[in-house]
Amino acid sequence: MFPITSGRPATMAPRGMVTSPHSLASAAGVDALRAGGSAVDAAIATGAALSVLYPHMTSVGGDAFWLVYDARSRGVRYLSGGGRAARRASIDWFRERGMTEVPLRGFLPATLTTPGAVASWCAAHDEYGRLPLARDLAAAIGYAHEGFPVSGRLERAIELHAVDGSLNASALAIFCPGGALPCAGAKLTNRGLARVLDRIAQGGREGFYAGETARSLAAFSRAGGGFFDEADLAGQGAAWGEPLSGTYRGLEILETPPPTQGFTVIEMLNLIEPAEIARMDPLGPELAHLLVQAKQIAYHDRDRLLADPEFQPVPVEKLISKGYAAERSRLMRSDRVLPWDLVPSYGTLAGDTVFVCAVDAEGNAAALIQSLYFTFGSGVVAGETGIVLQNRSAYFSLDPQHPNRLEPGKRPMHTLIASMALKEGRLRHVLGCMGADGQPQIHLQSYVGLVDFGVDMQQALEAPRWLSGRFNIGDPRDLLNMEGRYPEATVRELERRGHAVNRWPDWCELAGHAQGISVDPVSGMRIGGADPRSDGAAIGH
């Protein structure tokens, strides 16, 4: 486990702020702000840089979802960049080959859905970009072509997955040049990816989903017996919509809608709102017990009902209503764990993602969540393109009766979520994290810290975390993972109430990388937080 230390103060700046899980990516975003760019320009610059600097966590071969706040209208828009299943995709194809699940690694998940992130970058830029797209991508192109540093976390990820056989030959050629594992501080290049990014810089969406890049991706898919082709790539787009909206103690909480799991955050906040949380010990058993039960109920609803709403209606209005929470809260007990037959067995906490947020001088904000799903996604780099392809399609169900069943053109259920909080239409917080099934749990704990205990963003992100549920294959579904900074008395009491507690180190990267920005309602100061469990930084100007 990578060692983590803490103690950094919140970053404050009067004009703009960017935070992400890698300091060089945050710096690329602030460079865009200083050049006159918008929050969206900064988010694109940061997300693109992360696709080079943090290739185990994100890629142009993955998906992305956005929330964008417009300070003038005080409105928030949602942008979906979820990749769609190829036209050839079908449950029967897998069943005829004796498969009951979509494989987690390899050509099949790599090519079962098309990458959606780049389409979302271009759609966001068309609406809100002030700088040329080439300017936004300049830092990423430079790092890919000239070289980027291997962080300790990237070194560890390469070592783990090169040894366990998860990476294909093209991935090994980039990340283990000459067959040698790189050490922290070494320099890697990815010139194939630099060419791909340059085509996007010059041609926008068409520079990725048509032309040389699309032909290369489709040829790679065909050669390996994959699914997507040129027509599937050409059909991939990004769509604007409305975010989900709820309230928590006077704040409007906004989350990304289906096919993402954002509704669970609002449902959990509704479930806990009647409790006098401010009177509880932040690290005591009473609070953890309450929040874990809220998670169990919301995730039970998620795994029964969440799917692509274009294919299967999802009753989100009911799920995020206060009345529904009052009804479901009858299941909660103060003395014992919730019966585990209410907790779904489907899903896993495993997942690797990056969250980027930016606030510009005018007060506009962008929240971008971008992912590969597993570490290095499918483990497949698409030949000479240098593109790491995701394995998000492994989240599809092959049960014909399940709402999240595989169908052509469908987006799988997504664990990716981004959040904003407003007060009377004015931006107060932008928040997000990596962690797959852990993401809503981290949103929940962060909002409790910010709202109920009045801590700043950095303190909220540094607080000890728990994550409930299955983390690895073979883990019991009732596992409650807790960082070691929780008092021993809290752990003993939770175990007495029936929780199966697993102790993590004091600081554990498995507890997620969270990032956030608050805006002071009086001074307008941007207050940024970066998770010490990552290589990130909040940088302002």
Reported [atom1]-to-[atom2] distance for the pair [X] and [Y], which is rounded to 0.5 angstrom:
| X | Y | atom1 | atom2 | result |
| --- | --- | --- | --- | --- |
| Leu467 | Leu510 | CG | CG | 8.5 Å |
| Leu290 | Arg333 | CG | CZ | 14.5 Å |
| Cys508 | Met482 | SG | CE | 13.0 Å |
| Ile266 | Ser245 | CD1 | OG | 6.5 Å |

For residues 62-82, which residue pairs qualify under salt bridge (Lys or Arg N to Asp or Glu O under 4.0 Å), counting only residues two or more places apart or in two chains?
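Counting only pairs at least two positions apart or across chains, the salt bridge (Lys or Arg N to Asp or Glu O under 4.0 Å) contacts touching residues 62-82 are Arg77-Glu127.
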By the salt bridge (Lys or Arg N to Asp or Glu O under 4.0 Å) test, which pairs, at least two apart or in different chains, include something from residues 246-262?
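The answer is Arg249-Asp452.
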Are [X] and [Y] close enough that a side-chain donor and a side-chain acceptor fall under 3.5 Å?
| X | Y | answer |
| --- | --- | --- |
| Ser534 | Arg153 | no |
| His513 | Glu509 | yes |
| Ser518 | Arg428 | no |
| Ser166 | Asp164 | yes |
| Gln293 | His289 | yes |
| Ser20 | Ser26 | yes |
| Gln445 | Trp466 | yes |
| Tyr54 | Asp535 | yes |
| Ser334 | Arg497 | no |

Report the C-alpha separation of Thr11 and Ile539 in whole Å, then their side-chain angles, then the decisive distance to 0.1 Å, and conclude whether the side-chain contact (heavy atoms from CB on, under 4.5 Å) test is met.
CA-CA 7 Å; Thr11 300; Ile539 303 177; 5.9 Å; no
Counting only heavy atoms not in Gln312, do more than 12 fall under 6.0 Å of its CD?
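Enclosed.
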Tell me whether Glu327 at atom CD has more than 12 heavy atoms from other residues, nucleotides or ligands lying less than 6.0 Å away.
yes
For the residue pair [X] and [Y], establish whether any side-chain heavy-atom pair is separated by less than 4.5 Å.
| X | Y | value |
| --- | --- | --- |
| Ser468 | Gln441 | yes |
| Val356 | Gln515 | no |
| Arg405 | Phe396 | no |
| Pro259 | Pro309 | yes |
| His161 | Arg105 | yes |
| Tyr248 | Asn270 | no |
| Leu422 | Leu251 | no |
| Thr256 | Leu416 | no |

Of the options Thr19, Asp456, Ile442, Leu431, which is the one that meets Leu461 in a side-chain contact (heavy atoms from CB on, under 4.5 Å)?
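The residue from Thr19, Asp456, Ile442, Leu431 that satisfies side-chain contact (heavy atoms from CB on, under 4.5 Å) with Leu461 turns out to be Leu431.
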One thing to verify: whether [Y] and [X] come together as a salt bridge, which I'm taking to mean a side-chain N less than 4.0 angstrom from a carboxylate O.
| X | Y | result |
| --- | --- | --- |
| Arg426 | Glu424 | no |
| Asp531 | Arg465 | yes |
| Glu267 | Lys322 | no |
| Arg492 | Glu495 | no |

From CA spacing to verdict: side chain to side chain donor-acceptor pair (under 3.5 Å), Tyr324, Asp301
CA-CA 11 Å; Tyr324 182 70; Asp301 290 335; 3.0 Å; yes
Checking side-chain contact (heavy atoms from CB on, under 4.5 Å) for the pair Gln390/Thr113: CA distance, chi angles, key distance, verdict?
CA-CA 9 Å; Gln390 66 183 344; Thr113 59; 3.5 Å; yes
So does [Y] get a backbone contact from the side chain of [X], meaning a donor-acceptor N/O pair under 3.5 Å?
| X | Y | result |
| --- | --- | --- |
| Thr264 | Gln261 | yes |
| Arg526 | Gly524 | yes |
| Arg84 | Arg411 | no |
| Gln236 | Gly116 | no |
| Asn391 | Phe374 | yes |

Could you tell me whether Trp66 and Phe355 have their ring centroids closer than 6.0 angstrom?
no
Please confirm whether the ring centroid of Tyr395 lies under 6.0 Å from the ring centroid of Tyr373.
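That pair passes the under 6.0 Å test.
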Carefully, step by step, assess Val102 and Leu108 under the rule side-chain contact (heavy atoms from CB on, under 4.5 Å).
CA-CA 8 Å; Val102 177; Leu108 299 185; 5.6 Å; no
Exercise: identify the closest heavy-atom pair between Ser419 and Leu254
OG-O, 3.0 Å
